There are 2 protein chains.
Amino acid sequence: MPRMAVMDSAVAREQALDAAEELFYGRGVQAVGMDDVRGASGVSLKRLYQLFPAKEQLVEAYLERRDVRWRDRLAGFVARREDPRERILAVFDWLEEWFGEDGFRGCAWINSYGELGATSSRVAAQVRAHKQAFRGYLAGLVADAGLPGTLAGQLFLLAEGAMVTAGITGQTEPAREAREAARLLVRAG
Amino acid sequence: MPRMAVMDSAVAREQALDAAEELFYGRGVQAVGMDDVRGASGVSLKRLYQLFPAKEQLVEAYLERRDVRWRDRLAGFVARREDPRERILAVFDWLEEWFGEDGFRGCAWINSYGELGATSSRVAAQVRAHKQAFRGYLAGLVADAGLPGTLAGQLFLLAEGAMVTAGITGQTEPAREAREAARLLVRAG
DNA sequence: AGCGGTGGAGAACGAGCGTTCTCCGGGCCG
DNA sequence: CGGCCCGGAGAACGCTCGTTCTCCACCGCT
């Protein structure tokens with residue numbers, strides 16, 4: 001009955017990714033060994049290498065899954081607001097919530113880019129794709145609000161600056177500063 | 001005559017730092033070995049370890065020297081403008097110049113923070129100090145223009161967002177987008 | 001009960017690299 | 001000219017870590 005083995009593989013994969021995400025995000029990719037992932041996940045090394053033939057693939061899977069979840073969480077939060085302009089500002093409210101979470105250590109993609117961007121072209125491409133998706137999402141919000149397209153890039157830069165600054169300082173305040181700037185830019189637009 | 005030896009040490013130190021800066025910035029700190037620094041600088045390993053007892057100290061010296069130079073270059077560019085509001089916008093003009101330079105790979109401190117922030121508290125502190133100095137510089141420009149203090153944080157976030165985005169995409173455009181947003185915020189202030 | 005195969009624990013291997021050591025040549029002093 | 005010290009080249013050492021291998025316990029089947 002291979003059904004069971006398949007299920008176990010799926011479970012092991014999730015456990016491995018859960019552990020990898022916490023460790024990679026919290027300490028940096030290079031500071032975490034495959035053995036650390038094994039220890040934290042309970043998935044044996046043999047199985048880990050069956051699921052992810054090399055560490056780089058585990059890293060890619062980690063960024064990929066986090067990308068989907070991150071954008072879903074943001075979109076879910078924003079969708080609760082009705083007014084199109086409020087939705088734009090809600091992005092920054094969500095950032096503030098995120099920055100305040102336990103274990104927040106900045107943007108996983110910006111951090112990974114600093115760590116691996118010069119070495120791994122695949123990671124670099126994933127980071128670019130993630131940022132482009134976020135920017136595209138903002139562009140959609142701006143268009144829905146009937147505001148000029150140039151605003152999207154400006155909001156994007158504010159959000160990126162807030163993420164990087166919150167990551168470095170450990171404070172949530174950058175989200176409020178960015179929100180206030182966004183409010184002024186929306187009003188001016 | 002120890003005079004000569006002292007001079008040579010100073011020269012060797014500069015050569016080592018020149019090579020370290022190019023390599024660390026271009027490829028990331030962890031991807032560069034001490035032997036690479038030796039090869040690129042012509043300074044022998046023995047001498048390298050006399051000047052910098054461990055790699056971490058070389059990294060610190062690299063960030064320290066680059067910090068001074070970076071802020072001097074920015075301040076020098078901005079000081080050429082007379083009008084206080086123009087000086088604020090000149091910051092973003094300088095960013096555009098910087099982004100367009102050969103070998104530009106984003107902000108050295110943001111990248112280093114992503115790579116080492118979770119591991120080395122000394123590097124993390126240096127990054128925070130650099131960013132705080134930059135923010136303080138912007139606050140001075142804002143005060144000189146008689147604009148409200150809250151503007152400084154907003155301009156800072158725009159600049160950080162532009163640096164991180166230019167680093168990831170390799171384009172200079174974020175500087176112009178940030179400049180336009182800054183112009184609107186200055187006008188609104 | 002015997003047995004084949006699956007999977008886990010952890011040793012083993014090999015590469016990379018930070019750091020130190022050894023050896024040697026070349027200039028300076030008596 | 002002979003001994004001495006400074007510094008360079010690069011081998012060596014020890015550790016980490018990605019990846020693979022070995023061995024063994026367990027589980028289902030006949």
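Protein chains get the first letters and strands the later ones, always in sequence-line order, with residue 1 at the start of each. Everything numeric here is computed off the predicted structure, so don't read it as measured data. Side chains are part of it too, since the values below use all heavy atoms of this structure and drop only hydrogens, waters and symmetry mates.
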**Request:** Can you tell me the distance, in whole Å, between the CG atom of A:Leu48 and the C1' atom of C:dG7?
**Result:** 13 Å
**Prompt:** Regarding A:Arg71 and the six-membered ring of A:Phe134, is the cationic atom NZ or CZ under 6.0 Å from the ring centre and inside 45° of its axis?
**Reply:** no
**Item:** Nucleic acid footprint by protein, nucleotides 8-25 of chain C - heavy-atom cut-off 4.0 Å, B for base, S for sugar-phosphate alone
**Value:** BSB-------SBB-B---
**Item:** Inter-residue atom distance B:Arg179.CZ - B:Leu184.CG, 0.5 Å rounding
**Value:** 11.0 Å
**Pairs meeting criterion salt bridge (Lys or Arg N to Asp or Glu O under 4.0 Å) with involvement of residues 114-128 of chain B, two or more places apart** = B:Glu60-B:Arg122
**Fill in**
Residue set satisfying side chain to side chain contact (heavy atoms under 4.5 Å, CB included) with B:Glu82, at least two apart, ordered chain then number -> none
**Item:** Ring-face cation of A:Arg105 near A:Tyr25 (centre distance under 6.0 Å, axis angle within 45°)
**Value:** no
**Message:** If I take atom CG in residue A:Leu51 and atom P in nucleotide D:dT19, what distance separates them, rounded to the nearest angstrom?
**Reply:** 14 Å
